[in-house]
Amino acid sequence: MLVSVIGAGTMGSGIALVCARKGHQVKLMDTNQSVLEKAQSFLQKILNRDVEKGRISESEKEKIYQSILPTQSMEQLADCEIVIEAVPERLDLKKKIFQDLSNICSEKALLLSNTSSISITEIAAGCKGEERILGLHFFNPAPVMPLVEVIRGMKSSEENVQKVVQFAKDLGKVPVTCNDSPGFIVNRIARPYYNESLNILGSRIATPKQIDEIMTKAGGFRMGPFALQDLIGIDINFATTESVYTNFFHEGRFKPSRIQQRMVQAGRLGRKTGGGFYDYSK
Amino acid sequence: MTIANKKVLVAGMSPLAQELKELISKHGAQVLSLDQLDEHQDSLDYVVEVTNYNLEDKKRIIQQIDQALAARPEVPILTTSLAITATEVASWTTSPQRVCGFGTFVPLAERKLIELAPALQTEESIVKKVEAFVQSLEKETSIVDDEVGLVFPRVLSLIINEAVFALMEGTASKEDIDIAMKKGTNYPYGPLEWADQIGLDEVYAVVRGLYRDLGEERFRPASLLRKMVLAGRVGKRSNQGFYSYNK
């Protein structure tokens with residue numbers, strides 16, 4: 001199939017790789033040339049590692065690499081059957097892209113957003129052919145995490161939902177379907193893992209180290225909530241919570257934590273800054 | 001320390017009771033039930049009480065035990081603080097210094113660690129005793145402050161509560177909710193199948209207890225969770241929870 005991915009950041013290039021590995025022709029579009037170049041060296045690096053580990057041959061690597069065509073022009077996407085948008089989480093940006101796509105692409109093309117927090121219904125509003133605009137939410141890192149959420153906007157057709165589900169299965173992913181509600185499934189139901197742990201910390205019931213130990217040893221979770229926030233980025237985690245909270249019209253169950261806000265304000269964002277709830281500077 | 005040949009009274013309505021009895025007797029102790037209390041009140045070494053859903057029953061059982069052991073305030077009472085604080089349970093007794101909270105969910109085989117929560121009134125010597133007791137069952141311990149639901153039961157119950165809200169609202173099917181949490185964020189179980197395994201009554205008791213004690217909107221129980229408990233659909237134990245289990 002002819003697939004295109006818009007946005008060549010970590011998510012976009014990861015999604016492009018997932019598609020190329022399954023034999024799709026992929027156009028990877030980004031308006032920024034240096035981002036495209038970075039994406040290409042990132043893809044090279046991953047594919048080289050696959051060859052080193054004996055997962056693919058040199059010729060398979062070349063074939064996959066060559067099937068991802070970088071482009072800076074949206075016009076180039078006119079012949080694509082499936083477009084997956086993976087640009088930063090800004091409504092104005094996404095709305096503009098889907099407006100343009102709905103004019104450029106054929107009426108049968110499926111136009112999908114990898115948004116984790118913006119309403120699909122809102123992105124699709126006013127576009128030509130709203131029934132073919134849906135969410136297809138990958139999890140980071142896209143080449144590794146098996147789940148994708150297929151999100152039904154208010155005007156998405158059931159036929160298109162089934163097409164996207166099948167497309168995801170063919171990519172080797174595990175698709176689940178959900179309605180267009182804030183945080184979809186995972187980012188919503190996982191909120192208490194972080195928020196309630198922060199609340200427990202805020203009431204001095206236990207320390208972050210204790211809570212992590214309890215959740216892994218008593219609960220069987222793979223990583224404790226604080227170690228996991230440090231890995232994800234405390235700023236990213238806080239932004240997700242704030243977005244879910246705002247979009248649920250300030251429902252108290254999603255109320256963000258002031259401890260987390262202070263960490264973000266102080267620039268203690270986790271591993272990427274050398275420190276978060278734990279110290280990584282040594 | 002070993003509990004071999006010690007006498008341990010296990011009382012209460014939680015599914016934890018049966019599993020605790022098996023675990024304790026596996027470690028060589030003599031397990032007694034509530035109807036043997038009078039006969040053994042002079043020689044009992046430990047009491048474990050695990051009622052969570054019906055707090056009137058819990059009060060009655062705790063007071064019965066405390067009175068029978070009135071002359072022996074050195075005997076610890078380890079009580080689940082899942083739906084109520086250990087401090088409140090201790091306030092029902094004449095020897096509050098012997099009461100210490102703890103909390104976990106079944107199946108115990110999957111718990112490498114069990115949390116302990118001393119009440120405000122708990123004496124340090126009692127904390128040491130119950131810590132050693134739990135460790136003798138080959139479980140690590142972690143001592144946390146006394147609040148309803150401790151840490152693991154509280155966090156997990158609120159995840160399950162949120163999953164039930166999502167289900168009630170038709171956001172996704174129960175199967176997709178469970179798959180999403182396992183495959184999208186590496187949870188050991190999906191929240192709804194996990195609730196079936198633990199017992200919906202246990203989960204509901206934690207959420208309701210948090211709501212009762214702390215009064216915040218974040219602890220409001222999902223009405224479907226409450227209705228399923230009232231309808232007796234508590235999970236695997238009753239062959240029907242979010243999923244059906246035919247024997």
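Numbered from 1 within each chain, the chains take letters A, B, ... in sequence-line order.
Per-residue heavy-atom pair counts under 4.5 Å with chain A were compared for B:Leu158, B:Thr104, B:Thr171, and the maximum is reached by B:Thr171. Of the residues considered (B:Ser173, B:Ala166, B:Pro191, B:Ala172), B:Ala166 shows the highest number of contacts with chain A, using heavy-atom pairs under 4.5 Å. Counting heavy-atom pairs closer than 4.5 Å to chain A, the top-ranked of the candidates B:Glu147, B:Glu110, B:Lys112, B:Arg154 is B:Arg154. Chain B forms more heavy-atom pairs under 4.5 Å with one residue of A:Asp180, A:Ile211, A:Val176 than with any other, namely A:Val176.
With a 4.5 Å cut-off on non-hydrogen atoms, B:Ile114 does not touch chain A at all. Of the two parts of B:Glu175, neither the backbone nor the side chain holds a non-hydrogen atom closer than 4.5 Å to a non-hydrogen atom of chain A. When heavy atoms are compared at a cutoff of 4.5 Å, B:Phe219 approaches chain A solely by way of its side chain, counted from C-beta outward. Neither the backbone nor the side chain of A:Arg152 comes within contact range of chain B; no heavy atom of the residue lies under 4.5 Å from a heavy atom of that chain. The part of B:Leu150 that comes within reach of chain A is its backbone (N, CA, C, O), which places non-hydrogen atoms under 4.5 angstrom from that chain. For a residue to count as touching a neighbouring chain, one of its non-hydrogen atoms must lie under 4.5 Å from one of that chain's; by this rule A:Thr177 touches chain B with backbone and side chain alike. Residue B:Glu115 touches chain A through its side chain alone, counting heavy-atom pairs closer than 4.5 Å.
At most 12 non-hydrogen atoms from other residues, nucleotides or ligands lie less than 6.0 angstrom from NZ of A:Lys255. In the displayed structure, A:Met154 atom CE is contacted under 6.0 Å by at most 12 heavy atoms of other residues, nucleotides or ligands. Within 6.0 Å of the CZ atom in A:Arg21, the count of heavy atoms belonging to other residues, nucleotides or ligands exceeds 12. Heavy atoms of other residues, nucleotides or ligands lying less than 6.0 angstrom from NZ of B:Lys183 number 12 at most. Within a 6.0 Å radius of NZ in A:Lys155, no more than 12 heavy atoms belonging to other residues, nucleotides or ligands are found. Within a 6.0 Å sphere centred on CZ of B:Arg220, other residues, nucleotides and ligands contribute more than 12 heavy atoms.
How far CD of B:Glu162 is from CZ of A:Arg253: 4.0 Å, rounded to the nearest 0.5 Å. The distance from atom CD of A:Glu149 to atom CD1 of B:Ile179, rounded to the nearest 0.5 Å, is 12.0 Å. Rounding to the nearest 0.5 Å gives a distance of 4.5 Å between CD of B:Glu217 and CD of A:Glu251. Between the CZ atom in B:Arg111 and the CD1 atom in A:Ile214 there is a gap of 13.0 Å [rounded to 0.5 Å].
Shown here for B:Gly170 and A:Asn179, the closest heavy-atom pair between the two residues is O-ND2, 2.8 Å. Shown here for A:Met145 and B:Thr185, the closest heavy-atom pair between the two residues is CE-N, 4.2 Å.
Residues from residues 182-200 of chain A that place a non-hydrogen atom less than 4.5 Å from a non-hydrogen atom of chain B comprise A:Phe184, A:Ile185, A:Val186, A:Arg188, A:Ile189, A:Ala190, A:Pro192, A:Tyr193, A:Asn195, A:Glu196, A:Ser197, A:Asn199, A:Ile200, given in numerical order. Within residues 216-232 of chain A, the residues approaching chain B closer than 4.5 Å by heavy atoms are, in numerical order, A:Lys217, A:Ala218, A:Gly219, A:Gly220, A:Phe221, A:Arg222.
Side-chain contact check for B:Val144 versus A:Gln210: some heavy-atom pair is nearer than 4.5 Å.
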